[in-house]
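Everything below concerns the one structure shown next.
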Protein chains: 2
Amino acid sequence: MSQAASSEGRDPTLATAVHRRLREDILSGRLAPGLKLKLRDLAESYGAGASPMREALSKLAAEGLAERLEHRGFRVAAAAPSQLEGLIRSRVLAECAALQESIRLGDAAWEDALVLAEHRLNRLARSLDSHRFATNPEWEACHLRFHQALLEACGAPQLLAFCDRLREEARRYRALANTVAYPDRDVAAEHAAIARAALDRDAETAAALLAQHYERTGAFVGADLGRRAG
Amino acid sequence: MSQAASSEGRDPTLATAVHRRLREDILSGRLAPGLKLKLRDLAESYGAGASPMREALSKLAAEGLAERLEHRGFRVAAAAPSQLEGLIRSRVLAECAALQESIRLGDAAWEDALVLAEHRLNRLARSLDSHRFATNPEWEACHLRFHQALLEACGAPQLLAFCDRLREEARRYRALANTVAYPDRDVAAEHAAIARAALDRDAETAAALLAQHYERTGAFVGADLGRRAG
DNA sequence: CGAAGTCAGAATTTCGACAAAATCTCTCCC
DNA sequence: GGGAGAGATTTTGTCGAAATTCTGACTTCG
């Protein structure tokens, strides 16, 4: 009757369902970097044949979340601290460029959306528990929306898609490091400062603040990752 | 006996071979944008089964060169003038950011490689025929290398890979427009100016020149594309 | 004792057939 | 004459098995 019968399981095809699940398993860190992905085991584990599984893996490889070795199957993409550095730099460069262009081109609607996104983000608690950190899915969603809203007026769809992908890869590193990311750091203030600079059309400051925002998180994650993997 | 028996046909797997051929057919414009890609026809045409073909298509879809419609197969990705605009903007933003960082971080080896790449490019003729334009594959290869050399020191592998992808998509639009790209325009001088600014560590000027370089080409292509497709 | 060659075992890749979904066509009814 | 609906056709998505390739251990030779 209703269009969205169930929030889960409404995947039109098995391959896409497997792709989504596998992707989430890699991003959340449940599948360790470098892990060999044996087709037979996966097929059994996810309850699908070889064809959809292979298609999902192929897609993941194209996205950079898996690695393909011809005639030797697939592996979960590596995730070394040294690679994290390059990822952060890519993110900073791409997002700062998009942000500056967004500030240059953004109209009133962009400003409205940005203000709204920040307000919604501030209304929520970052942690579900005030004593120890417990991810708040709603906050995460609003956080994503806020950062997207910042860049959205840049008029470069491919670049935005690229930023989304880097964001996801960064999420993977965060999950791998298991960084609590709840240090003495006023994230809300950082967001407010970035939004303020953007709304003031101060591209230089906004970009610098955004870069700091990412580099700081990156440093935490990198430290934690390095400590645990030598 | 020799490691590289033949320059062609050394594809380890059928799926990758088909992927490469299909990719080239899309990039070169032989397969029109929006064209329906029927699995059976393709399989027959490329001499492969459904499995490798499907895998190749899936990969192309992830790269953005094909479009997937669940339960309705694949199509060649659209290519409208309006999308070209966004592509150019993405390219300019991404490459300028990479170039500026490259100029900031580049060492002596980077300078050497850049000088070398420009020299090799200048040694070749852009057209094989001096009367009417005929693509010179060697020049194209050196041109690619030159632009890669510019960005290579930025230390952001993902961003570089992204730039490569955008470059390919741009090549597709050029092929579709069939732009002769041989107008009264001193491309060599433009390259020289960009290289000079980069070697002088003048990031602002270099980025501005690079942006002009792309926007100018984009304008030509867009005009030709718009004229032909309404 | 070390290195190259060889041979089973395991895994990936590919093929052909089956099932499910979408598109098309033709008919029937308003 | 036009639109809706049922059936046939085409096309996609999936499965299980065959063919090719890689891995690892054992043997043999220098």
Side-chain angles (χ1 to χ4, degrees), chain A residues 1-6 8-23 25-26 31-32 34-63 65-78, chain B residues 1-6 8-23 25-26 31-32 34-63 65-78:
Chain A
M1 284 227 177
S2 63
Q3 280 188 46
S6 161
E8 279 266 75
R10 57 174 166 76
D11 281 302
T13 196
L14 237 179
T16 62
V18 168
H19 170 68
R20 178 180 333 214
R21 287 179 57 191
L22 205 44
R23 170 202 197 79
D25 284 345
I26 293 176
L31 265 46
L35 181 70
K36 180 113 176 54
L37 294 167
K38 268 182 278 205
L39 213 54
R40 265 194 74 94
D41 298 355
L42 286 178
E44 170 143 15
S45 175
Y46 288 88
S51 307
M53 198 52 87
R54 164 171 285 277
E55 190 168 327
L57 285 168
S58 185
K59 216 165 163 183
L60 286 171
E63 293 173 60
L65 266 60
E67 208 174 329
R68 159 167 224 165
L69 297 88
E70 305 273 352
H71 284 288
R72 264 176 284 177
F74 297 85
R75 308 164 69 97
V76 178
Chain B
M1 275 203 197
S2 63
Q3 279 189 46
S6 161
E8 279 267 76
R10 56 176 165 76
D11 281 302
T13 197
L14 237 177
T16 62
V18 167
H19 170 67
R20 179 179 332 212
R21 287 180 57 191
L22 203 46
R23 170 201 198 81
D25 284 346
I26 293 177
L31 265 46
L35 181 70
K36 181 115 176 53
L37 293 168
K38 269 181 277 202
L39 215 53
R40 263 195 71 94
D41 298 355
L42 286 178
E44 171 144 14
S45 175
Y46 289 87
S51 308
M53 199 51 87
R54 166 171 285 277
E55 189 169 329
L57 285 168
S58 183
K59 217 165 163 184
L60 286 172
E63 293 174 58
L65 266 59
E67 209 174 327
R68 158 164 225 166
L69 298 89
E70 306 274 352
H71 283 289
R72 264 177 283 178
F74 297 86
R75 308 165 69 95
V76 178

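The structure presented is a predicted model; accordingly, all values stated were derived computationally and were not measured.
- Looking at heavy-atom distances under 4.0 Å, A:Ala15 makes contact with sugar-phosphate atoms alone, never a base.
- Listed pair B:Lys36 / D:dT12 meets the phosphate criterion, a side-chain N or O lying under 4.0 Å from OP1 or OP2.
- Atom pair A:Leu42:CG and C:dT12:C1' shows a separation of 13 Å (rounding to whole Å applied).
- If you check D:dT14, D:dT23, D:dG13 against the side chain of A:Leu14, the one that comes closest is D:dT14.
- Counting non-hydrogen atoms under 4.0 angstrom, B:Leu37 reaches the backbone sugars and phosphates but no base.
- With rounding to whole Å, A:Glu70 atom CD is found 14 Å from D:dT20 atom C1'.
- Close to C:dA11, at under 4.0 Å from its OP1 or OP2, lies no side-chain N or O of A:Arg72.
- Residue B:Thr13 places none of its side-chain N or O atoms closer than 4.0 Å to OP1 or OP2 of C:dT12.
- Annotation for A:Glu44: atom CD does not count as buried by contact number, only 12 or fewer foreign heavy atoms lying within 6.0 Å.
- Put simply, B:Arg40 has no side-chain N or O that comes within less than 4.0 Å of OP1 or OP2 on D:dT9.
- Considering only side-chain atoms of A:Pro52, the nucleotide from D:dC15, D:dG13, C:dA11 that sits closest is D:dC15.
- Across the interface with DNA chain D, nearest-nucleotide mapping of A:His71 and A:Pro12 shows A:Pro12 to be the residue nearer the 5′ end.
- Using modelled atom types and a 3.5 Å distance limit, the side chains of B:Tyr46 and B:Asp41 yield no donor-acceptor pair.
- Map A:Gly73 and A:Ser51 each onto its nearest nucleotide of DNA chain C; the residue landing nearer the 5' end is A:Gly73.
- Nearest nucleotide to the B:Leu39 side chain, out of C:dA11, D:dT12, C:dT13: D:dT12.
- Considering every non-hydrogen atom in both B:Ala15 and B:Ala56, the closest pair reads O-CB, 4.0 Å.
- Taking a cutoff of 4.0 Å between a charged side-chain nitrogen and a carboxylate oxygen, A:Lys36 and A:Glu67 do not qualify as a salt bridge.
- Applying the 4.0 Å criterion to OP1 and OP2 of C:dT13, one finds that B:Arg54 has every side-chain N and O outside that range.
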